[in-house]
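To start, the structure itself, in structure tokens.
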2 protein chains.
Amino acid sequence: MATSTVENYLKATLLHEQECDGIVPMGALVEALGVVPGTVTTMVKAMATQGLLEHESRQGVRLTPIGRALALGVLRKHRLVETFLVQTLKMDWSEVHEEAEALEHAVSNRVLERIDEFLGRPTADPHGDPIPDATGTIADTAAQVTLQGSAINKALRVTRILDQTPDFLAYVQETGLKPGAWVKVVRRDETSGVVHCEMKTGQKITLGLPVAAKIVVGALV
Amino acid sequence: MATSTVENYLKATLLHEQECDGIVPMGALVEALGVVPGTVTTMVKAMATQGLLEHESRQGVRLTPIGRALALGVLRKHRLVETFLVQTLKMDWSEVHEEAEALEHAVSNRVLERIDEFLGRPTADPHGDPIPDATGTIADTAAQVTLQGSAINKALRVTRILDQTPDFLAYVQETGLKPGAWVKVVRRDETSGVVHCEMKTGQKITLGLPVAAKIVVGALV
DNA sequence: AAATGTATTTTGATTAGTCAAAATGCAAGT
DNA sequence: ACTTGCATTTTGACTAATCAAAATACATTT
């Protein structure tokens with residue numbers, strides 16, 4: 001069985017492979033895992049000999065099929081646990097990330113299956129992030145529309161928050177821009193770099209463009 | 001923060017101090033933790049310098065006040081988690097021990113408090129073992145009556161199972177001698193070493209004396 | 001009192017994961 | 001092409017936890 005450290009390296013690699021078209025640079029893992037570069041090199045080499053990663057020297061790493069399967073399993077645990085903590089134990093939406101970070105390595109598949117069933121097999125966690133199913137299939141996440149690029153004056157629903165830092169989550173919480181919330185972009189001004197939004201309550205919110213890019217929206221449904 | 005290994009040593013010491021009047025021999029820890037004797041000596045010395053245990057050479061160990069507080073915290077996590085797995089997630093009563101063994105080191109006090117509240121602050125886990133409260137106070141467990149020494153022909157209630165091995169739990173499950181069950185001792189024969197019991201259903205069960213000593217009973221209430 | 005047997009401790013080695021700091025390779029800019 | 005700067009790798013060392021096997025202490029029996 002993979003140690004928690006190995007699971008963390010796999011998960012970090014998985015979470016970075018989109019934005020790095022496949023090969024994840026060592027620096028990304030250094031940053032994500034909070035260790036010094038030399039440690040990543042050592043770990044990555046060890047994991048490569050175990051067949052979990054491919055290591056291209058001075059380039060970065062790629063997940064092997066086995067590594068990806070394990071990483072998806074960890075991600076599934078993380079996101080189901082987060083959902084459970086929020087929905088069942090009524091924990092604060094913005095404080096569950098670190099809790100899940102610890103629990104994802106201790107929850108067995110047996111317990112996970114019970115949690116999944118208990119929650120009614122959800123497909124997204126409280127942040128709107130897709131939850132891989134038991135076979136490791138995850139909803140396609142490419143081509144998502146954010147408040148940075150959405151239609152104007154159209155009623156939308158927030159579906160996902162792309163930044164999980166406590167500060168940002170607290171801000172989202174405060175403004176009500178949480179997954180599920182009704183929102184409309186009333187004006188987008190590229191020159192001044194801001195997006196003007198309106199909530200169902202009539203409340204008006206102004207966001208900078210890079211911040212707007214962190215709020216994924218979809219059709220009302 | 002204590003590592004899971006340290007937490008396991010502390011918990012094992014706590015669980016053995018009753019039956020060893022205070023000083024727990026090294027061999028008990030060897031057995032409980034499944035390591036070789038030399039490992040226990042090394043760990044115990046390290047923990048003694050950290051102020052968690054007192055080590056009397058060639059005698060055994062004693063918990064310090066700090067060590068006991070930590071051990072009670074771990075025991076509380078273990079038993080609340082077990083209760084949660086059975087009551088909320090409907091897991092099998094006899095399979096939750098090992099799950100709790102892993103989760104007890106990953107559940108934060110914040111999560112534990114939510115679980116405790118969610119469950120309505122239970123005072124005993126599914127096996128009837130008392131759950132320490134948040135201040136580390138645990139119900140007195142001495143002077144418990146078991147089927148080995150109980151009154152004859154008196155309606156009793158099973159309150160606790162003192163053996164948590166999967167085999168024994170499966171047996172208890174099968175016979176229905178679970179905590180909460182109605183039971184009556186119809187005859188006890190010291191010579192042949194057996195106890196004859198009767199369940200509410202009229203079903204008759206015969207137990208050997210050492211086995212009867214593992215089933216704690218109390219008044220019906 | 002000597003011998004025996006068992007529990008415990010010591011010693012030396014191993015594995016996983018880490019850091020510090022020096023060495024190396026590579027891409028860009030001049 | 002040369003240099004500069006940054007990312008990565010190497011090297012040597014450290015901690016936590018473990019085992020194997022030899023050494024030691026102690027209680028019990030003879």
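Here is how names work: the chains are called A, B, and so on, in the same order as the sequence lines, proteins then strands, and each is numbered from 1.
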Inset, instruction - Check ring-ring contact (aromatic ring centres under 6.0 Å, His included) between A:His97 and all other residues, then give those that pass, not counting sequence neighbours. - result: A:His78
Inset, instruction - Nearest whole angstrom, please: distance from the P of D:dA17 to the CD of B:Glu7. - result: 11 Å
Inset, instruction - Measure from CD1 on A:Ile23 to P on D:dT8 and round the result to the nearest Å. - result: 10 Å
Legend entry - From CA spacing to verdict: ring pair (Phe, Tyr, Trp, His ring centres under 6.0 Å), A:Phe84, B:Phe84: CA-CA 13 Å; A:Phe84 185 73; B:Phe84 184 73; 5.7 Å; yes
Inset, instruction - Indicate yes or no: does B:Asp133 engage B:Arg76 in a salt bridge with an N to O separation below 4.0 Å. - result: no
Inset, instruction - Identify whether the distance between the nearest side-chain nitrogen and carboxylate oxygen of A:Lys11 and A:Glu104 falls below 4.0 Å. - result: yes
Inset, instruction - May I have the distance from A:Met47 (atom CE) to C:dT18 (atom C1'), rounded to whole angstrom? - result: 15 Å
Inset, instruction - Identify whether the distance between the nearest side-chain nitrogen and carboxylate oxygen of A:Glu101 and A:Lys77 falls below 4.0 Å. - result: no
Legend entry - Sugar-phosphate only, base, or nothing, as touched by B:Gly38 at under 4.0 Å among non-hydrogen atoms: base
Legend entry - A:Leu29 CG - D:dT9 C1' separation (whole Å): 15 Å
Legend entry - N or O in side chain of A:Thr3 less than 4.0 angstrom from C:dA16 OP1/OP2: no
Inset, instruction - Please determine, for the side chain of B:Lys45, which listed nucleotide (C:dG25, C:dT10, C:dA7) has the closest atom? - result: C:dT10
Inset, instruction - Scan residues 8-18 of chain B against DNA chain D and write down, sorted by residue number, each residue with any heavy atom closer than 4.0 Å; if none is found, say none. - result: B:Tyr9
Legend entry - NZ/NE/NH1/NH2 to OD/OE distance under 4.0 Å, B:Arg110 and A:Glu95: yes
Legend entry - Nucleotide D:dA17, atom P - distance to CG of B:Leu52 in whole Å: 11 Å
Legend entry - Closest to side chain of A:Met43, choosing from D:dT8, D:dA17, C:dT18: C:dT18
Inset, instruction - Report yes if a side-chain nitrogen or oxygen of A:Ser57 is closer than 4.0 Å to either non-bridging phosphate oxygen (OP1 or OP2) of C:dG25; otherwise report no. - result: no
Legend entry - Touch class at under 4.0 angstrom, heavy-atom based, for A:Thr39 against every strand present: base
Inset, instruction - Report the nucleotide, chosen from C:dT8, D:dT8, D:dT18, that has the shortest atom-to-atom distance to any side-chain atom of A:Met26. - result: D:dT8
Legend entry - Distance in angstrom units between B:Gln59 CD and D:dC26 P, rounded: 9 Å
Inset, instruction - Output the single nucleotide from C:dG17, D:dT8, D:dT18 whose closest atom is nearest the side chain of B:Thr42. - result: D:dT18
Legend entry - Side chains of A:Ile138 and A:Pro130 in contact at under 4.5 Å (non-hydrogen atoms): yes
Inset, instruction - Remember a base hit wins even if backbone is also touched, and classify B:Val36 as base, sugar-phosphate or nothing at under 4.0 Å, heavy atoms. - result: base
Legend entry - Polar side-chain contact B:Arg58-C:dT9 base: donor and acceptor under 3.5 Å: no
Legend entry - N/O (side chain, A:His55) to phosphate O (OP1/OP2, D:dT9) under 4.0 Å: yes
Legend entry - Proximal nucleotide (of D:dT8, D:dC19, C:dG17) relative to the A:Pro37 side chain: D:dT8
Legend entry - Passing option when A:Met47 is tested against A:Leu53, A:Thr5, A:Thr42 for side-chain contact (heavy atoms from CB on, under 4.5 Å): A:Leu53
